There are 2 protein chains.
Amino acid sequence: MIEEDLHLEVLRLLEREPDMSQRQLARALGLSVGKTHYALKAVLDRGWVKAQNFRRSDNRSAYLYQLTPSGLQEKARLAYGLLQRKRAEHEALMTEIEQLRVEVQNAKPADEPPTP
Amino acid sequence: MIEEDLHLEVLRLLEREPDMSQRQLARALGLSVGKTHYALKAVLDRGWVKAQNFRRSDNRSAYLYQLTPSGLQEKARLAYGLLQRKRAEHEALMTEIEQLRVEVQNAKPADEPPTP
DNA sequence: AAATGTGCGTTCACGGGGTGAACGAAGGCC
DNA sequence: GGCCTTCGTTCACCCCGTGAACGCACATTT
């Protein structure tokens, strides 16, 4: 996963649930606490998220990780960049699938069930 | 890159040019000689490729890496598996793009040039 | 024939990067 | 007070790809 995508995912998760621990965040991201910690540090250092000291007794979360205005803006920018990349990926994938279809068709002994 | 895809790519390249050195193969795969060496060893161990002692004076290649009949069959099987995976990937990508499109659209301040 | 050069297959010390156990700190509970 | 839990943080560990380096076999040069 590209670093930009990781930051975007962090921003998305924290916007929905600012009261997440780093371990919850790690589980949601499918990453280790170490990697998650440094990803969170990255968005904090960039000023996209502000950590407010805050401890609730019910879930023990130590901080509120709240998106800053620039964080919201960055989230949109990252999402747009990702969209563009996904669109390019989509086009590449289409031609790749077509080439694969031809390759598979040619390799077939011509008496098998047709590819759906 | 999944190991299966690597094996398929090796089979494709060797079918087209059996007189490739491991370094040529590595360059074509975009990998190191080490990784390439072990990928080649894998297809040799599986019996998909047979190495024939063969040295030509013009290009110094030491072996001919020829696909066996089972290698040809495996190449078709791997290609078909890859096609199926690519199709699934395509569907996932479509929904992801649609979700991203909505997300980007919603984040827009409503007075910007439209997304093409 | 000997020396040198080139390309071969093979190996392995190195480094980048993710992991998760472990740490001290801080609050809740008895 | 003592104990437990969860917090953020760190860092030794491991996985895995890399590419320099090795020994070898032939070609070329001296």
Side-chain angles (χ1 to χ4, degrees), chain A residues 1-68 71 78, chain B residues 1-68 71 78:
Chain A
M1 185 187 256
I2 282 299
E3 198 174 32
E4 285 197 347
D5 301 355
L6 176 55
H7 291 168
L8 173 58
E9 198 57 31
V10 169
L11 293 178
R12 282 170 170 163
L13 289 167
L14 292 184
E15 186 184 33
R16 193 183 316 159
E17 282 185 66
D19 57 337
M20 278 184 96
S21 72
Q22 294 191 11
R23 280 170 180 77
Q24 287 177 313
L25 201 54
R27 204 157 4 94
L29 291 169
L31 292 179
S32 67
V33 288
K35 177 71 175 173
T36 300
H37 173 70
Y38 285 110
L40 181 56
K41 184 176 187 307
V43 299
L44 285 169
D45 288 349
R46 286 169 168 75
W48 300 339
V49 168
K50 216 173 67 177
Q52 307 195 20
N53 237 312
F54 180 78
R55 187 176 286 268
R56 280 198 336 224
S57 52
D58 52 347
N59 66 357
R60 314 296 310 278
S61 64
Y63 288 104
L64 264 188
Y65 298 109
Q66 274 182 327
L67 266 64
T68 63
L78 289 175
Chain B
M1 186 187 257
I2 283 301
E3 199 176 30
E4 285 196 346
D5 300 355
L6 176 55
H7 292 168
L8 173 59
E9 199 56 32
V10 170
L11 293 178
R12 281 171 170 162
L13 289 167
L14 291 184
E15 186 184 33
R16 192 183 316 159
E17 280 187 65
D19 57 336
M20 279 184 96
S21 71
Q22 295 191 10
R23 280 171 179 76
Q24 287 178 314
L25 200 55
R27 203 157 6 91
L29 291 169
L31 293 179
S32 67
V33 288
K35 178 72 175 171
T36 300
H37 174 71
Y38 285 109
L40 181 56
K41 185 176 185 306
V43 299
L44 286 169
D45 288 348
R46 286 168 167 77
W48 300 339
V49 168
K50 216 173 66 176
Q52 306 194 22
N53 237 312
F54 180 79
R55 187 175 285 269
R56 282 200 333 227
S57 53
D58 55 345
N59 66 356
R60 314 300 307 280
S61 64
Y63 288 103
L64 264 189
Y65 299 108
Q66 274 184 326
L67 266 63
T68 63
L78 290 175

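Everything numeric in this text was worked out from a predicted model, so none of it was measured. Atom set for the values below is all heavy atoms of this structure, side chains included, hydrogens, waters and symmetry mates excluded. A note on names: the letters A, B, ... follow the listed sequences, proteins ahead of strands, and every chain is numbered from 1.
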Inset, instruction - Measure across Ala42(B) and His7(B) and return the closest heavy-atom pair with its distance rounded to 0.1 Å. - result: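 Of all heavy-atom pairs spanning Ala42(B) and His7(B), the closest is CB-NE2, 3.6 Å.
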Inset, instruction - Specify the closest pair of heavy atoms between Leu44(A) and Ala51(A), including all atoms of both residues, with the distance to one decimal. - result: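 Reported closest heavy-atom pair: CD2-N, 3.8 Å.
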Inset, instruction - Could I get the full list of salt bridge (Lys or Arg N to Asp or Glu O under 4.0 Å) partners for Lys41(B), not counting sequence neighbours? - result: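 Asp45(B).
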Would you please confirm or rule out a distance under 4.0 Å between OP1 or OP2 of [N] and any side-chain N or O of [X]?
{"X": "Ser21(A)", "N": "dC7(D)", "value": "yes"}
{"X": "His37(B)", "N": "dT10(C)", "value": "yes"}
{"X": "Gln22(B)", "N": "dC8(C)", "value": "no"}

Legend entry - Which residues share a side chain to side chain donor-acceptor pair (under 3.5 Å) with Ser32(A), sequence neighbours left out: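 For Ser32(A) there are no side chain to side chain donor-acceptor pair (under 3.5 Å) partners, ignoring immediate neighbours.
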Could you list the donor-acceptor pairs under 3.5 angstrom formed between side-chain atoms of residues 8-15 of chain A and any protein atom two or more places apart in sequence or on another chain?
residue: Glu9(A); atom: OE1; partner: Arg12(A); partner atom: NH1; Å: 3.0
residue: Arg12(A); atom: NE; partner: Glu103(B); partner atom: OE1; Å: 3.4
residue: Arg12(A); atom: NE; partner: Glu103(B); partner atom: OE2; Å: 3.3
residue: Arg12(A); atom: NH2; partner: Glu103(B); partner atom: OE1; Å: 2.8
residue: Glu15(A); atom: OE1; partner: Lys75(A); partner atom: NZ; Å: 3.1

Distance in angstrom units between [X] [atom1] and [N] [atom2], rounded:
{"X": "Asn53(B)", "N": "dG9(C)", "atom1": "CG", "atom2": "P", "answer": "11 Å"}
{"X": "Leu25(B)", "N": "dG7(C)", "atom1": "CG", "atom2": "C1'", "answer": "15 Å"}
{"X": "Leu29(B)", "N": "dG17(D)", "atom1": "CG", "atom2": "C1'", "answer": "13 Å"}
{"X": "Leu40(A)", "N": "dC7(D)", "atom1": "CG", "atom2": "P", "answer": "13 Å"}
{"X": "Gln24(A)", "N": "dG8(D)", "atom1": "CD", "atom2": "C1'", "answer": "13 Å"}
{"X": "Asp19(A)", "N": "dT6(D)", "atom1": "CG", "atom2": "C1'", "answer": "14 Å"}
{"X": "Arg27(B)", "N": "dG7(C)", "atom1": "CZ", "atom2": "P", "answer": "11 Å"}

Inset, instruction - Find the distance between OG1 (Thr68(B)) and NZ (Lys50(B)) and round it off to the nearest 0.5 Å. - result: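 It is 8.5 Å, given to the nearest 0.5 Å.
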Inset, instruction - With rounding to the nearest 0.5 Å, note down the distance linking CG in Leu40(A) to NZ in Lys35(A). - result: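 Those atoms lie 12.5 Å apart.
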Legend entry - Any Met1(B) side-chain heavy atom under 4.5 Å of Leu31(B) side chain: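 Contact flag for Met1(B)/Leu31(B) side chains = no.
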Can I get a per-line list of side-chain donor-acceptor pairs under 3.5 Å for residues 20-30 of chain B, giving both atom names and the distance, sequence neighbours left out?
residue: Ser21(B); atom: OG; partner: Arg23(B); partner atom: N; Å: 3.4
residue: Ser21(B); atom: OG; partner: Gln24(B); partner atom: N; Å: 3.1
residue: Gln22(B); atom: OE1; partner: His37(B); partner atom: ND1; Å: 3.0
residue: Gln24(B); atom: OE1; partner: Ser21(B); partner atom: N; Å: 2.9

Legend entry - First encountered from the 5' end of DNA chain C, between Tyr38(B) and Tyr63(B):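 Result: Tyr63(B).
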Show me the protein contacts with nucleotides 16-22 of chain C, counting only N or O atoms at under 3.5 Å.
residue: dG18(C); atom: OP1; partner: Lys35(A); partner atom: NZ; Å: 3.3
residue: dG18(C); atom: OP2; partner: Lys35(A); partner atom: NZ; Å: 3.1
residue: dT19(C); atom: OP2; partner: Ser32(A); partner atom: N; Å: 2.9
residue: dT19(C); atom: OP2; partner: Ser32(A); partner atom: OG; Å: 2.8
residue: dA22(C); atom: N6; partner: Arg23(A); partner atom: NH2; Å: 3.1

Measure all distances between protein nitrogen or oxygen atoms and nitrogen or oxygen atoms of nucleotides 13-15 of chain D, and list the pairs falling under 3.5 Å.
none

